[in-house]
Engineer: 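Encoded as structure tokens, here's the structure I'll be asking about.
A note on names: the letters A, B, ... follow the listed sequences, proteins ahead of strands, and every chain is numbered from 1. Hydrogens, waters and symmetry mates are skipped; everything else that's a heavy atom, side chains included, is used.
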Amino acid sequence: MPELPDVEVFRRYLQATSLHKRIAEVELRSPEILVDASVQDLKATLCGRSFESTSRHGKHLFVKVKDDGWLMLHFGMTGQLKYFKELQKDPEYDRLLISFGNGYHLAYDAMRKLGEVQLVDDVEQFIADHELGPDALSPDLNADTFVDKFAGRRGMIKPALMNQRIIAGVGNVYSDEILFQVGIHPRTKINDLDRSQLDEIYQTMKEVLRTAIEKQADPERFPDSYITEQRQKDGRCPVCGERLQTVKVSGRTAYYCPNQQGDEP
DNA sequence: CCTATAGCCTGACGGC
DNA sequence: TGCCGTCAGGCTATAG
């Protein structure tokens with residue numbers, strides 16, 4: 001689930017539900033997901049305090065703990081958040097349960113344990129340590145800096161868009177959507193793109209990510225011209241009706257329309 | 001620098 | 001029905 005738009009929706013959800021409430025209890029049901037800290041550390045940091053604000057960089061969500069550091073949440077491929085009251089509504093794969101003084105709970109739910117939870121002192125330091133590129137929607141990432149980061153690279157465009165060290169936030173699904181919208185094949189070599197094409201990829205990336213957030217990262221609400229909902233076997237091109245093709249690109253499955261994006265370059 | 005591969009983890013789905 | 005392989009919206013380590 002979680003690429004930049006999904007995590008942004010989670011951030012707003014947490015922001016709307018879970019700030020300024022006393023944290024009464026913390027249950028780490030899958031201790032493996034906690035990085036560089038013990039359960040005791042986590043409880044000591046959170047219990048009795050409250051969440052104050054939120055921040056996001058790429059696919060990483062940071063929650064400020066009042067009078068302390070940050071709680072970092074990364075969702076892997078299957079993570080999500082759920083805020084609820086009755087414990088019988090506790091999601092099936094609740095890995096971390098935070099209970100508030102008002103009787104409500106916030107669960108970090110993830111079927112597969114590919115995500116991570118971590119206590120972080122300094123968000124900027126975390127970003128530097130993980131060598132993350134600028135957030136894909138950051139105002140600091142303008143067309144010139146984007147083109148500079150890509151121009152001169154030797155590889156293919158799709159893996160570069162997904163490379164979190166170049167820019168943070170785009171994953172398998174949204175890279176396909178961006179490339180479909182600009183009509184470029186996922187295996188196209190960056191060398192074969194000119195400046196105006198890179199510029200168009202930049203503009204389209206921002207547009208696609210903003211639209212997805214506006215639509216709550218729900219593909220069913222995306223514009224009719226989007227490919228994401230068709231990203232399945234037997235999926236069809238929303239423009240010409242052609243069967244979508246798939247190709248493996250750096251270990252991931254890319255969906256594309258041969259009419260809009262050309263054949264294998 | 002770049003790509004493909006395998007692995008981490010868990011469940012869903014299709015084929016025999 | 002049962003078993004097996006494959007695949008899945010992330011990321012890393014490893015080899016070529």
Engineer: Do the ring planes of A:F222 and A:Y174 sit parallel (below 30°), tilted (30 to 60°) or perpendicular (above 60°)?
Structural biologist: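 Tilted, since the angle between the ring planes falls between 30° and 60°.
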Engineer: Using a cut-off of 4.0 Å on non-hydrogen atoms, how would the nucleic acid contact of A:E32 be classed: base, sugar-phosphate, or nothing?
Structural biologist: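 Since no nucleic acid heavy atom lies under 4.0 Å of A:E32, the category is nothing.
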Engineer: What's the CD-P distance between A:E116 and C:dC11, to the nearest Å?
Structural biologist: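 From A:E116 CD to C:dC11 P: 10 Å.
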Engineer: Mind calculating the distance between CG (A:L161) and P (C:dC11) to the nearest angstrom?
Structural biologist: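 Taking atom P of C:dC11 as the reference, CG of A:L161 is at 14 Å.
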Engineer: Just checking A:F75: base, sugar-phosphate only, or nothing, at a heavy-atom cut-off of under 4.0 Å?
Structural biologist: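 Nothing, no heavy atom under 4.0 Å.
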Engineer: OP1, OP2 of C:dC11 versus side-chain N and O of A:K59: anything below 4.0 Å?
Structural biologist: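 Looking at the OP1 and OP2 atoms of C:dC11, one of them is under 4.0 Å from a side-chain N or O of A:K59.
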Engineer: Mind checking whether A:Y104 and A:Y83 have ring centres under 6.0 Å apart?
Structural biologist: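 Yes, the ring centres sit under 6.0 Å apart.
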Engineer: Side chain of A:T253 only, heavy atoms from C-beta on: which candidate in C:dC11, C:dA8, C:dG10 is closest?
Structural biologist: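 Among C:dC11, C:dA8, C:dG10, the one nearest the side chain of A:T253 is C:dA8.
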Engineer: Does A:H74 put a side-chain nitrogen or oxygen below 4.0 Å from OP1 or OP2 of C:dG10?
Structural biologist: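 No.
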Engineer: Does the base of C:dA8 carry an N or O that pairs as donor and acceptor with the side chain of A:R112 under 3.5 Å?
Structural biologist: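 Yes, the side chain and the base share a sub-3.5 Å donor-acceptor pair.
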Engineer: Can you check the distance between B:dA6 and C:dG5, where both ends of the measurement are the P atom (answer in whole Å)?
Structural biologist: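 The answer is 14 Å between these two P atoms.
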Engineer: Mind checking the P distance from C:dG10 to B:dC1? Whole angstroms is fine.
Structural biologist: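 Roughly 23 Å separates the two P atoms.
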Engineer: Suppose you measure atom P in B:dA4 against the same atom in C:dC7; what distance do you get, rounded to whole Å?
Structural biologist: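 Result for the P pair: 16 Å, nearest Å.
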Engineer: Start at the 5' end of DNA chain B and walk down; is the nucleotide closest to A:K233 or to A:P159 reached first?
Structural biologist: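 Its nucleotide being nearer the 5' end, the pick is A:P159.
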Engineer: Does a salt bridge link A:R49 with A:D67, judged by any charged N lying under 4.0 Å from a carboxylate O?
Structural biologist: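 A salt bridge is absent here (no side-chain N lies under 4.0 Å from a carboxylate O).
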Engineer: In terms of side-chain geometry, is the basic nitrogen of A:E214 or A:R210 positioned less than 4.0 Å from the acidic oxygen of its partner?
Structural biologist: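 So A:E214 does not pair with A:R210 through a salt bridge.
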Engineer: Determine the Euclidean distance between corresponding C1' atoms of B:dC8 and C:dC3; express it in Å to zero decimal places.
Structural biologist: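 Those two atoms are separated by 23 Å.
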Engineer: Look at all strands and tell whether A:R187 reaches a base, only sugar-phosphate, or nothing, counting heavy atoms closer than 4.0 Å.
Structural biologist: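 Sugar-phosphate only.
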Engineer: Is the A:H57 to A:F126 ring centre distance short of 6.0 Å?
Structural biologist: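 Not under 6.0 Å, so no.
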Engineer: Is it the case that the ring center of A:F150 lies less than 6.0 angstrom away from the ring center of A:Y202?
Structural biologist: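 Not under 6.0 Å, so no.
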Engineer: Expressed in whole Å, how much space separates the C1' atoms belonging to C:dT6 and B:dT5?
Structural biologist: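 The same atom, C1', in both gives a distance of 16 Å.
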Engineer: Please state how far atom CG in A:D176 lies from atom P in C:dG10, giving the value in whole angstrom units.
Structural biologist: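 Rounded to whole Å, this separation is 10 Å.
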Engineer: Is the closest basic N to carboxylate O distance between A:R195 and A:D144 below 4.0 Å?
Structural biologist: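 Looking at A:D144 together with A:R195, the answer is yes, because their closest N to O distance falls below 4.0 Å.
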Engineer: Between A:R165 (CZ) and C:dA13 (P), how many Å, whole number?
Structural biologist: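 Interatomic distance, CZ of A:R165 to P of C:dA13: 8 Å.
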Engineer: Measure NE2/A:H60 against C1'/C:dT12 and give the value in whole Å, please.
Structural biologist: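 One finds 12 Å between C1' of C:dT12 and NE2 of A:H60, rounded.
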Engineer: At the 4.0 Å heavy-atom cut-off to chain A, mark where contacts on DNA chain B begin and end, going 5' to 3'.
Structural biologist: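 First-to-last contact on DNA chain B, by the 4.0 Å heavy-atom rule, is B:dC1 to B:dG11.
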Engineer: Would you kindly give the OH-to-C1' distance between A:Y108 and C:dG10, to the nearest whole Å?
Structural biologist: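 Going from OH in A:Y108 over to C1' in C:dG10 covers 10 Å.
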Engineer: Find the distance A:Q232:CD to C:dA8:P and express it as a whole number of Å.
Structural biologist: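 These atoms are roughly 12 Å apart.
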Engineer: Are A:H185 and A:Y256, when compared by the centres of their aromatic rings, separated by less than 6.0 Å?
Structural biologist: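 They qualify: ring centres under 6.0 Å apart.
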Engineer: Do the side chain of A:Y255 and the main chain of A:V173 share a donor and acceptor less than 3.5 angstrom apart?
Structural biologist: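 Between the backbone of A:V173 and the side chain of A:Y255 there is no qualifying donor-acceptor contact (under 3.5 Å).
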Engineer: For B:dT10 versus C:dT1, give the span between their P atoms, rounded off to a whole number of Å.
Structural biologist: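 Approximately 27 Å lies between the P atom of B:dT10 and that of C:dT1.
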Engineer: Round to a whole Å and report the spacing from CE of A:M77 to P of C:dT12.
Structural biologist: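 Whole-Å distance recorded here is 14 Å.
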Engineer: So what does the secondary structure string of DNA chain C come out as, 5' to 3', with Watson-Crick or wobble pairs under 3.5 angstrom, [ ] for crossing and | for pairs with another strand?
Structural biologist: .|||||||.|||||||
Engineer: Can you tell if the side chain of A:S50 reaches within under 4.5 Å of the side chain of A:L19, non-hydrogen atoms only?
Structural biologist: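 Sidechains of A:L19 and A:S50: no contact.
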Engineer: Can you confirm whether the side chains of A:D148 and A:T145 place a donor and an acceptor under 3.5 Å from each other?
Structural biologist: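 No - no donor-acceptor pair under 3.5 Å links their side chains.
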Engineer: Within the structure shown, what part of the strands sits under 4.0 Å from A:M162 by heavy-atom distance: base, sugar-phosphate, or nothing?
Structural biologist: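 Counting heavy atoms under 4.0 Å across all strands, no contact is made by A:M162.
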Engineer: So which one's nearest nucleotide on DNA chain B is more toward 5', A:V249 or A:L114?
Structural biologist: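 Counting from the 5' end, the first nearest nucleotide belongs to A:V249.
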